[in-house]
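The analysis underlying the following values was restricted to heavy atoms, covering all of them including side chains, and did not include hydrogens, waters or symmetry mates.
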Amino acid sequence: KTDAIMDLSIFGDTRRFRQKVVETSDVMTGTVPVYDAVAKYGKNIKDIKVDDFFDVVEQHAADGIDFLTIHAGLNRTAVERVQKNKRLTSIVSRGGSILYQWMLENDRENPFYENYDRLLEICLKYDVTLSLGDGLRPGSLKDASDAPQIQELIILGELTKEAWKQNVQVMIEGPGHVPLNEIVSNMQMQKKLCHGAPFYVLGPLVTDIAPGYDHITSAIGGALAASSGADFLCYVTPAEHLRLPDLEDMKEG
């Protein structure tokens, strides 16, 4: 049996669905509020206001969500690392790419980094765990352990200490595509830079060339990550890079 589920809805009556999930599920539930901000307001990303983002965060917390994935570490310093270090697959995180576009088009700092205390106040008020998202996770083996990924991880470590000062629980999301020989060092680096905070890994996938078998390549990476200190494993479906999963894909994952 799984220990947690995530609602990653991006269209439709997201709040009604989210409330139903919380009502019927007997395990922890997580969400990514920036997805819902795009769905809820139907605006161009540039036109979403800072208050819009935070109103959605508070609504998710009020609905009983247990952990919120927020890409607060993708600040202007991290953006500069992306621009100076060309990647093969750029930014593959949906939440990260939304905030990256918002920052560039508005020429502003990441609202969740700039207003981090406001975010912590919401988490403390509703006793919600902050899952600090890895907006610059590698989407290919070539980009694994590169400067943008490490820069964001350094920032996440700083944000972790700030959250702990405010009595907010934190976990750190980790990389997606990592070659076998770099998984152990990634675990060690995260634990060091993020002060031992729980590490939540998305796989990691150990090859880029097995679409349709991502549940297997991620299980290989996940096994090595877990044996090296990862605390929380995100399952991956066979269809991860191909399409939306059906029930059979979810069972296989």
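- With hydrogens and angles disregarded, a donor-acceptor distance shorter than 3.5 Å links the side chain of Glu240 to the backbone of Thr237.
- Salt-bridge annotation for Lys49 and Asp55: absent, with no side-chain N of the basic residue lying under 4.0 Å from a carboxylate O of the acidic one.
- Listed here is the closest heavy atom pair of Asp143 and Leu88: OD1-N, 3.0 Å.
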Might you work through the ring-ring contact (aromatic ring centres under 6.0 Å, His included) test for Phe199 and Phe232, ending with a clear yes or no? CA-CA 6 Å; Phe199 199 25; Phe232 193 10; over 10 Å; no

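- Donor-acceptor pairing under 3.5 Å is recorded for the side chains of Glu173 and Thr69.
- One side chain, Asn186 or Ser145, offers a donor N or O that lies under 3.5 Å from an acceptor on the other.
- The main-chain N or O of Arg94 is found under 3.5 Å from a side-chain atom of Ser97 such that the two form a donor-acceptor pair.
- Between Leu136 and Val82, some side-chain heavy-atom pair lies under the 4.5 Å cut-off.
- At a threshold of 4.5 Å between non-hydrogen side-chain atoms, the residues Pro33 and Ile70 count as touching.
- Checked for salt-bridge contact, Lys40 and Asp52 miss the test: no charged N lies under 4.0 Å from a carboxylate O.
- Remark: Lys20 fails to qualify as a cation-pi partner of Phe17 under the 6.0 Å distance and 45° angle criteria applied to the six-membered ring.
- When only modelled atom types and interatomic distance are considered, Thr31 and Asp7 share no side-chain donor-acceptor pair under 3.5 Å.
- Arg81 and Gln149 are not linked by any side-chain donor-acceptor pair at a separation below 3.5 angstrom, with hydrogens and angles left out of the test.
- A donor-acceptor pair shorter than 3.5 Å cannot be found between the side chains of Asp208 and Ser140.
- No donor-acceptor pair closer than 3.5 Å links the side chain of His177 to the backbone N or O of Pro204.
- A salt bridge between Lys191 and Asp231 is present, with a side-chain N of the basic residue lying under 4.0 Å from a carboxylate O of the acidic one.
- Listed for the Asn110 side chain is a donor-acceptor partner under 3.5 Å among the backbone atoms of Phe112.
- Within the 3.5 Å criterion, the main-chain N or O of Asp47 finds no donor-acceptor partner in the side chain of Asn44.
- The hydrophobic cluster around Val92 extends to none of the other residues, as no ILVMFWY side-chain heavy atom falls under 4.5 Å of it.
- The line from CD1 of Ile122 to CG of Leu120 is 9.5 Å long, rounded to the nearest 0.5 Å.
- Rounding to the nearest 0.5 Å places CD of Gln59 at 15.0 Å from CZ of Phe54.
- Under the salt bridge (charged side-chain N to carboxylate O under 4.0 Å, His left out) criterion, the residue pairs touching residues 118-134 are Asp51-Arg118, Glu58-Lys125, Asp134-Arg137, with sequence neighbours excluded.
- For the atom pair Leu233 CG and Asp3 CG, the distance stands at 10.0 Å (nearest 0.5 Å).
- Two residues are said to be in side-chain contact when any heavy atoms from C-beta on lie closer than 4.5 Å; Ile172 and Thr160 meet this criterion.
- Between Pro111 and Trp102 there is a side-chain heavy-atom pair separated by less than 4.5 Å.
- Under 4.0 Å is where a charged nitrogen must lie from a carboxylate oxygen, and between Glu80 and Arg76 no such pair does.
- Within the 4.5 Å cutoff, the side chain of Asn75 has heavy atoms near those of the Glu109 side chain.
- Note that the CG atom of Leu205 and the NE2 atom of His241 stand 5.5 Å from one another [nearest 0.5 Å].
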